[in-house]
Colleague: 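If you scroll down you'll find the structure; I have some questions about it.
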Protein chains: 2
Amino acid sequence: MQSVMTEAVALLDEAGEPALTFRALASRLGTGVGSIYWYVASKDELLDRAADHVMADVLVAVEKLPAAADPIDSMRAIAVALFAAVADRPWLGAYFMRDTGTQPNALKVYELIGQQVQRLDLTRRERFHAASAVIGYVIGIAADLGQQPPQEVVDGTASRDDVLDRWADQWRALDREEFPFLHEIADEFAGHDDAEQFRAGLDLLLAGLRLQSGR
Amino acid sequence: MQSVMTEAVALLDEAGEPALTFRALASRLGTGVGSIYWYVASKDELLDRAADHVMADVLVAVEKLPAAADPIDSMRAIAVALFAAVADRPWLGAYFMRDTGTQPNALKVYELIGQQVQRLDLTRRERFHAASAVIGYVIGIAADLGQQPPQEVVDGTASRDDVLDRWADQWRALDREEFPFLHEIADEFAGHDDAEQFRAGLDLLLAGLRLQSGR
DNA sequence: CTATCGTATAGAACGTCGTTCGATGGTCGA
DNA sequence: TCGACCATCGAACGACGTTCTATACGATAG
């Protein structure tokens, strides 16, 4: 049933993985627990399929991206779109990481980035490493960011900035001699934008790639 | 009790997170389930503390790394050491990601990388982004690699290479027109070395950073 | 010496979860 | 009408995290 997946995604969107239980899903669908097992063999498969379900939408968004003349610009656009998708579906990060080689739509994303890499003047091994690095960076940062936000933020008790501020304060409370770097960037961290941070790192990676490919 | 953490780590090493249950840990320690709660408030804390416990060792290994004249070379060495630690403790990747800003030893690692970044000629924001990118890349790739290996590998039923080969075969079975990149790199993937792949991506990132810092 | 309090241990009990299983309809061709 | 197959359902099972109460040990105070 198609609605099983859409409803599963809805639960994940609302409160992350812990909210997706067979009982909650069944009650949401107005059916029994056992029925879900007719469509899905296990919770792992449920999560995989749910992730793949939304990756299908991400994929069409990525595919309708205007093709850039420069392959590296294209990769950048794909990566940014991918990050955006995970940014507003934090749970997706964790499940993009599982079985990248198994989920059909995740595979296609890998392929899309790889096709851009193929346009660069590199050895086969370099191409393999380049595509893997970009994918790895995107998924890694996205998953990191996708850490289940603290309960207070989910409640609405505190805003994301409040939490960031509190962390920054903790850093500032550390010994200045021992932690000069954390002191220096506490302010940067306090108000930082995840997407900007992601793009900055991505650009470093792509600059290195551009260098390797001889432009 | 110190032995609680060492035994917890032992369980994690043997069979990953699912193996670490309060009952298993209690039986291992020859005590009751309730006793563990005297030292630890929840399973989350147990995992955090276990992760921090091994990070302490990683930290001393990192700190006794020979200081390089070039800050970027230093960062590379730290990152490689960090990756190596996660590589033979796959479960560590997932729990390095949680509460990076909370676990004391993880914080110190962040600081160490940051101190190297501080030696580069960059703006404060660029430094913040650079350190975050490197940390993010390391953790991301490590966590990805730390995906609980398929059951067959844990059993010993199949080797890691067998699993890789099977994936490569799946890729080769795809339509060649639609998936040219996956076809091209199937061979590379089949026998690839995770550490080499990690280093290759890291070098791209660091090359970009070097470029930004004007050497 | 005994009463008391903080430290530490132990395990029964509770609620929730993923999962299994057998029973029950419904539909359709023979 | 009869089975064969698709689909649904919810009780039941075992494992888990967690809570709670009971108990013991040691030091300290009266």
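Naming convention: chains lettered A, B, ... in sequence-line order (proteins, then strands); numbering from 1 in each chain.
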Colleague: Identify the residue among A:Phe189, A:Phe181, A:Phe179 that makes a ring pair (Phe, Tyr, Trp, His ring centres under 6.0 Å) with A:Trp171.
Modeller: A:Phe189

Colleague: Rounded to whole Å, please give me the gap between CG in B:Leu11 and C1' in D:dC16.
Modeller: 15 Å

Colleague: Base, sugar-phosphate, or nothing for B:Ser35, non-hydrogen atoms under 4.0 angstrom?
Modeller: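 Base contact.
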
Colleague: State whether A:Arg166 and A:Asp169 are salt-bridged, where the test is any N-O pair (Lys NZ or Arg NE/NH1/NH2 against Asp/Glu carboxylate O) under 4.0 Å.
Modeller: no

Colleague: What's the verdict on salt bridge (charged side-chain N to carboxylate O under 4.0 Å, His left out) for B:Arg28 and B:Glu14, showing C-alpha distance, side-chain angles and the deciding distance?
Modeller: CA-CA 13 Å; B:Arg28 196 81 154 224; B:Glu14 285 166 27; 2.5 Å; yes

Colleague: Round to a whole Å and report the spacing from CZ of B:Phe22 to C1' of D:dT19.
Modeller: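 From B:Phe22 CZ to D:dT19 C1': 12 Å.
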
Colleague: Under 3.5 Å, is there a donor-acceptor pair between the side chain of A:Glu111 and the main chain of B:Leu182?
Modeller: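 Side chain of A:Glu111 to backbone of B:Leu182, a donor-acceptor pair under 3.5 Å: yes, one is there.
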
Colleague: Could you tell me the separation between the CG atom of A:Leu47 and the P atom of C:dC17, rounded to a whole number of Å?
Modeller: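 Nearest whole value for this atom pair: 14 Å.
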
Colleague: Examine D:dC9: is either OP1 or OP2 under 4.0 Å from a nitrogen or oxygen in the side chain of A:Thr31? Give yes or no.
Modeller: yes

Colleague: A:Arg23 side chain: which of D:dT8, D:dG17, D:dC13 is closest?
Modeller: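 The listed nucleotide nearest to A:Arg23's side chain is D:dC13.
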
Colleague: Provide, to the nearest angstrom, the distance between the NZ atom belonging to B:Lys43 and the P atom belonging to C:dC17.
Modeller: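 Atom-to-atom, B:Lys43 to C:dC17, this comes out as 16 Å.
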
Colleague: In whole angstrom, what separates B:Arg28's CZ from C:dA10's C1'?
Modeller: 20 Å

Colleague: Quick check for you: among D:dG17, D:dT8, C:dC17, whose closest atom lies nearest to any side-chain atom of A:Thr21?
Modeller: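 Minimum distance to the A:Thr21 side chain belongs to C:dC17.
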
Colleague: Quick check on B:Arg176: does its CZ atom have over 12 non-hydrogen neighbours (other residues, nucleotides or ligands) under 6.0 Å away?
Modeller: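 Counting other residues, nucleotides and ligands, CZ of B:Arg176 stays at 12 neighbours or fewer.
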
Colleague: Just N and O in the side chain of A:Tyr39: are any of them under 4.0 Å from OP1 or OP2 of D:dT8?
Modeller: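 For A:Tyr39, the contact criterion (side-chain N or O under 4.0 Å from OP1 or OP2 of D:dT8) is met.
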
Colleague: Nearest-Å distance, OH (B:Tyr37) to P (D:dC16)?
Modeller: 12 Å

Colleague: Let me know the distance between CG of B:Leu29 and P of C:dT9, rounded to the nearest Å.
Modeller: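 From B:Leu29 CG to C:dT9 P: 10 Å.
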
Colleague: What is the distance, to the nearest angstrom, from the CH2 atom on B:Trp38 to the C1' atom on D:dA22?
Modeller: 15 Å

Colleague: Tell me what B:Leu20 touches on the nucleic acid: a base, only sugar-phosphate, or nothing, going by heavy atoms under 4.0 Å.
Modeller: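 Here B:Leu20 touches the backbone only, sparing every base.
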
Colleague: Using a heavy-atom cut-off of under 4.0 Å over every strand shown, decide if A:Ile36 touches base, sugar-phosphate, or nothing.
Modeller: nothing

